[in-house]
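Structure first, then comments.
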Amino acid sequence: MTAQTDTPNSVTTVYQVSGMSCGHCEGSVSSEISEIAGVSSVKAVAASGEVTVVSAAPLDESAVRAAVDEAGFELVTKA
């Protein structure tokens, strides 16, 4: 996770995902993350590896990691 911004009715979190290289990759990651309960939007950008997620409440990072893994990519953890 690289950034999190809270607004009155939603939380926006930016994750770093390695391995995305095309629009199909973006779609796979977005599709898997959008299945997590509470997620209202997902925008993945292969060029930067950033995935911006808007949700009703902060997400459990392990759920996001599992979704990214299911799509065939890796959630990057900042040290």
Side-chain angles (χ1 to χ4, degrees):
M1 179 170 41
T2 58
Q4 183 169 306
T5 306
D6 297 333
T7 58
N9 297 317
S10 66
V11 177
T12 300
T13 310
V14 179
Y15 297 94
Q16 191 68 37
V17 175
S18 67
M20 293 189 300
S21 61
C22 65
H24 183 265
C25 299
E26 294 170 347
S28 295
V29 170
S30 295
S31 176
E32 290 295 334
I33 293 175
S34 67
E35 292 180 15
I36 299 171
V39 171
S40 56
S41 81
V42 181
K43 178 168 177 48
V45 180
S48 65
E50 290 185 346
V51 179
T52 303
V53 181
V54 178
S55 55
L59 298 176
D60 179 359
E61 188 172 319
S62 64
V64 177
R65 183 175 304 282
V68 171
D69 287 348
E70 182 66 27
F73 303 96
E74 182 180 354
L75 184 65
V76 177
T77 303
K78 297 293 182 187

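If you read the sequence from its start, that first residue is 1, and numbering goes on from there.
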Criterion side chain to side chain contact (heavy atoms under 4.5 Å, CB included) on Val53 and Leu59, from CA distance to verdict: CA-CA 9 Å; Val53 181; Leu59 298 176; 3.7 Å; yes

Results of side-chain contact (heavy atoms from CB on, under 4.5 Å) for Ser40 - residues two or more places apart only: Val54

With Asp60 via side-chain contact (heavy atoms from CB on, under 4.5 Å) - residues at least two apart: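 Applying side-chain contact (heavy atoms from CB on, under 4.5 Å) to Asp60 gives Ser62, Ala63.
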
Closest non-hydrogen atom pair, Cys25 against Gly19: SG-O, 4.4 Å

Minimum heavy-atom distance between Met20 and Val45, given as atom pair plus value: CE-O, 3.7 Å

Backbone of Ser48 reached by a side-chain donor or acceptor of Gln16 within 3.5 Å: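 Judged by distance alone, yes, a pair lies under 3.5 Å.
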
Could you go through residues 28-37 and list every donor-acceptor pair under 3.5 Å that involves a side-chain atom there, pairing it with any protein atom two or more places apart or in another chain?
{"residue": "Ser28", "atom": "OG", "partner": "His24", "partner atom": "O", "Å": "3.1"}
{"residue": "Ser30", "atom": "OG", "partner": "Glu26", "partner atom": "O", "Å": "2.9"}
{"residue": "Ser34", "atom": "OG", "partner": "Ser30", "partner atom": "O", "Å": "3.1"}
{"residue": "Ser34", "atom": "OG", "partner": "Ser31", "partner atom": "O", "Å": "2.8"}

Atom pair OG1/NZ of Thr12 and Lys43 - distance to nearest 0.5 Å: 13.5 Å

